[in-house]
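Written out below as structure tokens is the structure these notes cover.
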Amino acid sequence: MGNHVCLVLKSKHYTAKDLIETAISRIESKEKKKMNLVWIEAAGCSGNIISLLNGCAPNVTYFLTDLVNLKYNNSLMRAQGDEAEEQLIKTLDTEFILIVDGAISTKDNGIYNIVGYYKGRSITGMEEVKRVAEKAKYILTVGTCASYGGISAAKPNPSGCISAADYIKKELNRDVIRLPGCPAHPDWIMGTIANLILFEDIKLDEDRRPITFYGVTIHDICPRRSFFEKRIFAKSVGETTCMFKLGCRGPVTKTDCSIRKWNDYVNWPIGDNTPCIGCAQKGFPDAMEPFINF
Ligand code: SF4
């Protein structure tokens, strides 16, 4: 299993799986409480919720039944209409974690991103995120659009998107925990929530990303690093040496993809002979293009 990135917390080493299993066992023994979770998808592509559904250590059902109570998700509960919105309103008076996925479309008062309807009135991402973030105990911006603007805010940005992190800071002067990635890995989401339930705190870097998952660059722990040191560079995609000269963004991208891997810890872009495109880093995609130098 690939989730062997360790975090030193209170003199104990934790992996994402350890964090989740420990949090669940403390909930079962009533030392800790399950927390309510509200997930708002604003201007995004649903990639992060799909990524979470692909979680396997534990699987997403175990996560949703044993670690958190998912009270609201506008993408998954659209068919429930007003009932879903009423459940959200009730949850605002409880202790809950808010996940925002997607950027905030600000042009024309947010009209280009409608996230729900209540009693016949449409609700913009701007309005919903501000109203819910004001009451949340913890706020996680999941994915690169929510954390930095990402693809939603890429040039020419016709709907005036900004990151949810910047929007919440500007409107409410509140800080978020950033979990960038296009999409975010399920372990990053579940592990961070487990960490918060267990310790009510989390070690963050200067950009408010959990150091457990974002503490090193891909380049720092890349299995092709020895090729880089020996200056043996691939000349075309598909070669198994260092892809620095093809435009690999591993040297500037902080995540643990190289050792965690994706899709049940099977593979990752460099393992599949394509360069890292820096999808988890601030400035993606505009600052990372061209993705491949030929
Ligand atoms: S393939 Fe990319 S991340 Fe890996 S060593 Fe080369 S430049 Fe660094």
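Heavy atoms only: backbone and side chains are in, while hydrogens, waters and symmetry mates are out. This one's a predicted model, so the numbers in the text were calculated from it and none came from an experiment. Every number for a ligand or one of its atoms is a count from 1 in the order of the listing.
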Legend entry - CZ on Arg249 to CZ on Phe291, rounded to 0.5 Å: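 It comes to 8.5 Å.
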Legend entry - Any donor-acceptor pair under 3.5 Å from Asn69 side chain to Lys71 backbone: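 No, the answer is negative, given that no donor and acceptor are paired below the 3.5 Å cut-off.
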Legend entry - Geometric cation-pi criterion Arg121 and Tyr117, 6.0 Å radius, 45° cone: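 Not satisfied by the 6.0 Å and 45° rule.
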Legend entry - Side chain to side chain, Met126 and Asn109, heavy atoms closer than 4.5 Å: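 Counting from C-beta outward, Met126 and Asn109 do come under 4.5 Å.
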Inset, instruction - May I ask you to check whether over 12 heavy atoms, not counting those of Glu83, lie within 6.0 Å of atom CD? - result: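 It does not: Glu83 CD has 12 such atoms or fewer within range.
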For residues 51-63, tabulate all N or O donor-acceptor pairs below 3.5 Å that involve a side-chain atom, not counting sequence neighbours.
unit_1: Ser51; atom_1: OG; unit_2: Ala184; atom_2: O; d: 2.6
unit_1: Asn54; atom_1: ND2; unit_2: Asn263; atom_2: OD1; d: 3.0
unit_1: Asn59; atom_1: OD1; unit_2: Thr61; atom_2: N; d: 3.0
unit_1: Asn59; atom_1: OD1; unit_2: Tyr62; atom_2: N; d: 3.0

Inset, instruction - Using a cut-off of 2.8 Å, count how many protein N, O or S atoms are strictly closer to atom 6 (Fe) of ligand 1. - result: 1
